[in-house]
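See structure below.
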Number of protein chains: 2
Amino acid sequence: MATKTTTSVLCPQCELNDVCQQYGVVDTADSEVLGEVTPQQSVNKGDVVCRAGDRFDYLYAVHAGAFKSLVTLPGGEERVTGFYFAGEIIGSEGMSTGKYGRTVVALQDGQLCYLPEVSFSPEDASRKMIRQGLLVAMSHQVKNEQWTGLMAAHRAEQRVAIFLYMVSKRLEFHGFPSTEFRLPMSREDIAGYLGLAVETVSRSFQKLKGAGMIQVSGRNVVLENRDALQDFV
Amino acid sequence: MATKTTTSVLCPQCELNDVCQQYGVVDTADSEVLGEVTPQQSVNKGDVVCRAGDRFDYLYAVHAGAFKSLVTLPGGEERVTGFYFAGEIIGSEGMSTGKYGRTVVALQDGQLCYLPEVSFSPEDASRKMIRQGLLVAMSHQVKNEQWTGLMAAHRAEQRVAIFLYMVSKRLEFHGFPSTEFRLPMSREDIAGYLGLAVETVSRSFQKLKGAGMIQVSGRNVVLENRDALQDFV
DNA sequence: CGCCAGTTTGACTAGTATCAAGGTTAGTGG
DNA sequence: CCACTAACCTTGATACTAGTCAAACTGGCG
C-alpha cells in the first residue's frame with residue numbers, strides 16, 4: 001500500500017512566492033520592523049500557529065507539513081473549518097479585521113514562513129505588488145473553500161468523495177503526487193470538516209473502496225480513478 | 001404581520017463606498033474607458049447580472065434589491081451558493097481568475113452600481129487605496145460565507161435558524177430593520193442554499209414558530225429573540 | 001510486548017428526503 | 001376592482017440515510 005508523504009514544497013510552487021519575491025528574505029526571526037519574510041521555521045505536531053481572536057500579526061506560508069483550522073461555536077463545540085497543505089496560506093481571513101478568525105493547529109511536524117503584518121498596510125506605496133499578490137492568493141483560498149458550502153446538500157459518500165478529490169487537486173497544484181498519498185488528518189478531523197459522524201466517514205471510505213474507486217488502508221489512500229470521483233459528486 | 005421591505009441602501013452604508021469615493025462617479029454607462037463608477041442602473045426581477053464562466057469585466061454594488069448566486073454542478077444540477085443584499089458586492093470571486101465564478105440573478109427589481117474591471121489592475125499606482133478597499137470588502141464576503149461551511153454539521157432546524165440570523169445581521173449591518181423583514185427569496189432558494197428539501201425548510205419554519213422564536217407568514221418574518229436564534233445554533 | 005488512540009463494524013434510533021395532496025399568495029387580464 | 005390562474009407554500013404518510021451507542025479490531029509508540 002502506498003505511503004507517499006507530503007513533504008516540503010519548493011518556493012516556486014508556493015502561492016505566496018510572488019509576494020515573497022517582493023520582500024528581502026532574512027534568516028532571523030527579527031523581521032517585524034523590517035517587514036521581511038522569516039523563512040522555514042519549524043513547528044511540531046500539535047503546535048498552535050494562531051488562535052481565533054488573537055491580533056493578526058503574521059501571514060503564514062506552509063513550507064512543509066499540514067495544518068487544520070478550527071472555530072469554536074457559541075455552544076463551545078469545536079469545528080474543523082479547513083486544512084492547509086504545503087504551498088498554501090494561513091491567516092488571510094485576519095487581514096480585514098486585524099484578528100485571526102480561526103485557530104490553526106499543526107497536524108504533523110512541519111515548517112512555516114512568516115510574513116509580518118506591517119507589510120500589508122496601505123500607507124506604503126512601494127508594496128502595491130504585494131497587495132495585488134495577496135488579492136490573487138486570497139482568491140485561491142476562497143475558491144478552495146467554495147467546496148465546503150456545497151457539502152450540506154450531498155450525502156455522506158459524496159462528501160467523502162469530494163473531500164478526496166479536493167485534497168488530490170490541491171496536492172497536484174503544488175507539485176505533489178496526487179493519486180497516491182497519506183492523509184495527514186484523522187478520521188475525526190475529516191468527520192468534523194464534512195459535518196459527519198466518524199463512523200459514517202469510515203463507512204463511506206469502505207463503500208468507495210467496495211465500489212473500486214479508491215484503495216484505502218488507514219490513512220493511506222490511492223485514487224483509482226479521480227475523474228470518477230468528481231463525476232460521482 | 002410585518003411586511004417591511006428592504007429598499008435602497010444609502011451610499012455610506014455600502015461596502016464599496018470607500019472604493020467608490022476613489023472614483024469619479026459618472027451618470028452614463030460609458031465608463032469602461034474612464035474606469036469610473038456607473039451608479040444605480042435598474043434591473044428587473046429574474047435578470048441575469050453575470051454568468052459563471054463569463055469574462056470578469058465589472059464588480060457590482062447592490063444599491064437596491066436582492067440577488068442570488070448559483071453554480072452549476074458537474075451533473076448539471078444548479079445550486080444556490082449565496083445571497084446579496086443592498087450594500088453588498090457581487091462578482092469579487094472573478095478578480096483572481098478573470099472570470100465570474102457564479103451566475104447571479106435578481107430576486108426582485110433593484111439597482112446596481114457598476115465598477116469597471118480596469119480599475120483593479122496593478123499597473124496604476126494611484127489606485128492603491130482602491131485595492132486596499134477591495135481587500136477589506138472581500139474579507140467581509142469571506143466572513144459572510146464562513147457560515148455556509150458550518151451548515152453541513154447542523155440539523156435542518158438549526159440551519160434555518162442560522163440562515164435567519166445571518167440575514168438579520170447583514171440587514172442590520174447595512175442599516176435596515178433587522179428583526180422584522182420580508183425575505184426576498186423563495187423557500188426553494190433557501191432549501192437549495194441550505195442543502196435541504198423545500199418541505200423540510202417549511203417544517204423548520206413552523207417548528208421555530210411553534211417554539212416562539214419567530215413569527216412567520218409566507219415570506220414575512222419577525223425575529224422574537226434574535227440572540228436565542230444564535231444560541232440555538 | 002502491551003497499551004492506547006484511532007479505526008472499523010454492528011444494531012438500533014432519530015431525522016430528513018420523497019411522494020402525494022391540499023391550501024395560500026401574488027400576479028394577470030378582464 | 002375582482003376573478004382567475006399559476007406559482008408558491010404547507011401538511012401528511014412512508015422509506016431511507018445518517019447519528020448514536022456499543023464493542024471489537026488495528027497500528028503506532030513507549
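Naming: A, B, ... by sequence-line order, numbering from 1 per chain. FYI, side chains are in, hydrogens and waters are out, and symmetry mates aren't considered; it's all heavy atoms of this structure.
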Quick one: [X] [atom1] to [N] [atom2], roughly how many Å, whole number?
X: Gln206(B); N: dG15(C); atom1: CD; atom2: P; answer: 18 Å
X: Leu194(A); N: dA18(D); atom1: CG; atom2: P; answer: 12 Å
X: Leu107(A); N: dG6(C); atom1: CG; atom2: P; answer: 12 Å
X: Arg187(B); N: dA17(C); atom1: CZ; atom2: C1'; answer: 18 Å
X: Ile190(A); N: dG6(C); atom1: CD1; atom2: P; answer: 13 Å
X: Asn220(A); N: dG6(C); atom1: CG; atom2: P; answer: 17 Å
X: Leu196(A); N: dA14(C); atom1: CG; atom2: C1'; answer: 16 Å
X: Leu183(B); N: dT25(C); atom1: CG; atom2: P; answer: 15 Å

query: OP1 or OP2 of dT10(D) sitting under 4.0 Å from any side-chain N/O of Ser202(B)?
result: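 Affirmative; the distance criterion is met.
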
message: Measuring to OP1 and OP2 of dA26(C), would you say a side-chain N or O of Arg182(B) lies under 4.0 angstrom away?
response: yes

- prompt: Are Asp57(B) and Tyr114(B) linked by a side-chain donor-acceptor pair shorter than 3.5 Å?
  reply: no

- request: With DNA chain C as reference, determine whether Lys45(B) or Arg159(B) sits nearer its 5' end, using the nearest nucleotide of each.
  value: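 Looking at DNA chain C, the more 5' nearest nucleotide goes with Arg159(B).
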
message: Check for me whether Arg170(B) meets the cation-pi criterion with Tyr84(B), that is, NZ or CZ under 6.0 Å from the six-membered ring centre and within 45 degrees of the ring axis.
response: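 The answer is no; the distance or angle limit is not met.
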
Phe205(B) six-ring face occupied by Arg187(B) cation (under 6.0 Å, within 45°):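 Flagged: Arg187(B) positioned over aromatic ring of Phe205(B).
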
message: Taking atom types as they are modelled, would you say the side chain of Glu199(B) forms a donor-acceptor pair with the base of dC9(D) within the 3.5 Å cutoff?
response: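 In this structure, the two groups form no donor-acceptor pair.
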
message: With hydrogens left out and only the distance checked, is there a donor-acceptor pair under 3.5 Å joining Arg203(B)'s side chain and the base of dT18(C)?
response: yes

With sugar-phosphate meaning primed atoms plus P, OP1 and OP2, does [X] contact a base, only sugar-phosphate, or nothing at under 4.0 Å between heavy atoms?
X: Ser186(B); result: sugar-phosphate
X: Arg219(A); result: sugar-phosphate
X: Arg155(A); result: sugar-phosphate

- prompt: Is it true that atom CD of Glu224(B) has more than 12 heavy atoms of other residues, nucleotides or ligands lying nearer than 6.0 Å?
  reply: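 Atom CD in Glu224(B) is crowded, with more than 12 foreign heavy atoms closer than 6.0 Å.
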
message: Measuring from the side chain of Thr200(B) (C-beta onward, heavy atoms only), which nucleotide among dA26(C), dG19(D), dT16(C) has the closest atom?
response: dT16(C)

- prompt: What's the verdict on side-chain contact (heavy atoms from CB on, under 4.5 Å) for Leu164(A) and Leu229(A), showing C-alpha distance, side-chain angles and the deciding distance?
  reply: CA-CA 8 Å; Leu164(A) 289 172; Leu229(A) 271 187; 4.0 Å; yes

